[in-house]
Amino acid sequence: NKVEVNTVFGSGTIVVDPNVPAKLHVSAAFAGARMPDGNTISFGDYNWKSDSLRDTIPYLDIEASVVFGGLDIRNK
């Protein structure tokens, strides 16, 4: 399943369950995006994968963009 999240001139939170296989791609510009692993980006792209992700099983694919805002992505 693919999910798209856009945050522009605002803030948002995404809570991911570490038991659910997930892949996350975040694009940021003039922003602050905090990843579940503790990394933060302001410009550019970042990829994160849950520990439960395996190539042989379906997974949640999250595509997130944040511009002039903040996005907090954390584990449940």
Side-chain angles (χ1 to χ4, degrees):
N1 293 334
K2 186 165 189 158
V3 176
E4 184 177 325
V5 177
N6 296 301
T7 304
V8 181
F9 291 109
S11 64
T13 302
I14 298 173
V15 180
V16 288
D17 183 340
N19 297 316
V20 174
K23 188 187 317 185
L24 173 67
H25 175 78
V26 178
S27 295
F30 301 101
R34 187 176 333 147
M35 304 302 134
D37 59 11
N39 286 317
T40 303
I41 61 168
S42 297
F43 290 94
D45 297 318
Y46 190 85
N47 293 303
W48 175 84
K49 297 177 183 178
S50 66
D51 291 336
S52 58
L53 183 68
R54 304 288 180 265
D55 292 335
T56 57
I57 58 175
Y59 62 91
L60 179 60
D61 187 6
I62 302 170
E63 184 86 22
S65 298
V66 57
V67 180
F68 293 108
L71 182 62
D72 184 24
I73 304 157
R74 59 181 166 208
N75 284 319
K76 181 176 177 182

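The shortest side-chain heavy-atom distance between F30 and S42 does not fall under the 4.5 Å cut-off. Taking 4.5 Å as the limit, some side-chain heavy atom of V26 sits within range of a side-chain heavy atom of I41. Using a 4.5 Å cut-off on side-chain heavy atoms (C-beta onward), P21 and S52 make contact.
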Validation: residues 2-9 side-chain donor-acceptor distances under 3.5 Å, sequence neighbours left out:
{"unit_1": "E4", "atom_1": "OE2", "unit_2": "N6", "atom_2": "ND2", "d": "3.1"}

Show me the donor-acceptor pairs within less than 3.5 Å that the side chains of residues 54-61 make with the rest of the protein, sequence neighbours left out.
{"unit_1": "R54", "atom_1": "NH1", "unit_2": "D51", "atom_2": "O", "d": "2.8"}
{"unit_1": "Y59", "atom_1": "OH", "unit_2": "K23", "atom_2": "NZ", "d": "3.3"}

Let me have the donor-acceptor pairs involving side chains of residues 63-76, under 3.5 Å, with sequence neighbours excluded, atom names and distances please.
{"unit_1": "D72", "atom_1": "OD2", "unit_2": "R74", "atom_2": "NH1", "d": "3.3"}

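The neighbour count for D45 CG, taken as heavy atoms of other residues, nucleotides or ligands under 6.0 Å away, is above 12.
Put simply, NZ on K49 and CG on D37 are 13.0 Å apart, with the number rounded to the nearest 0.5 Å. Once rounded to the nearest 0.5 Å, the distance linking OH of Y46 with CG of N39 reads 3.5 Å.
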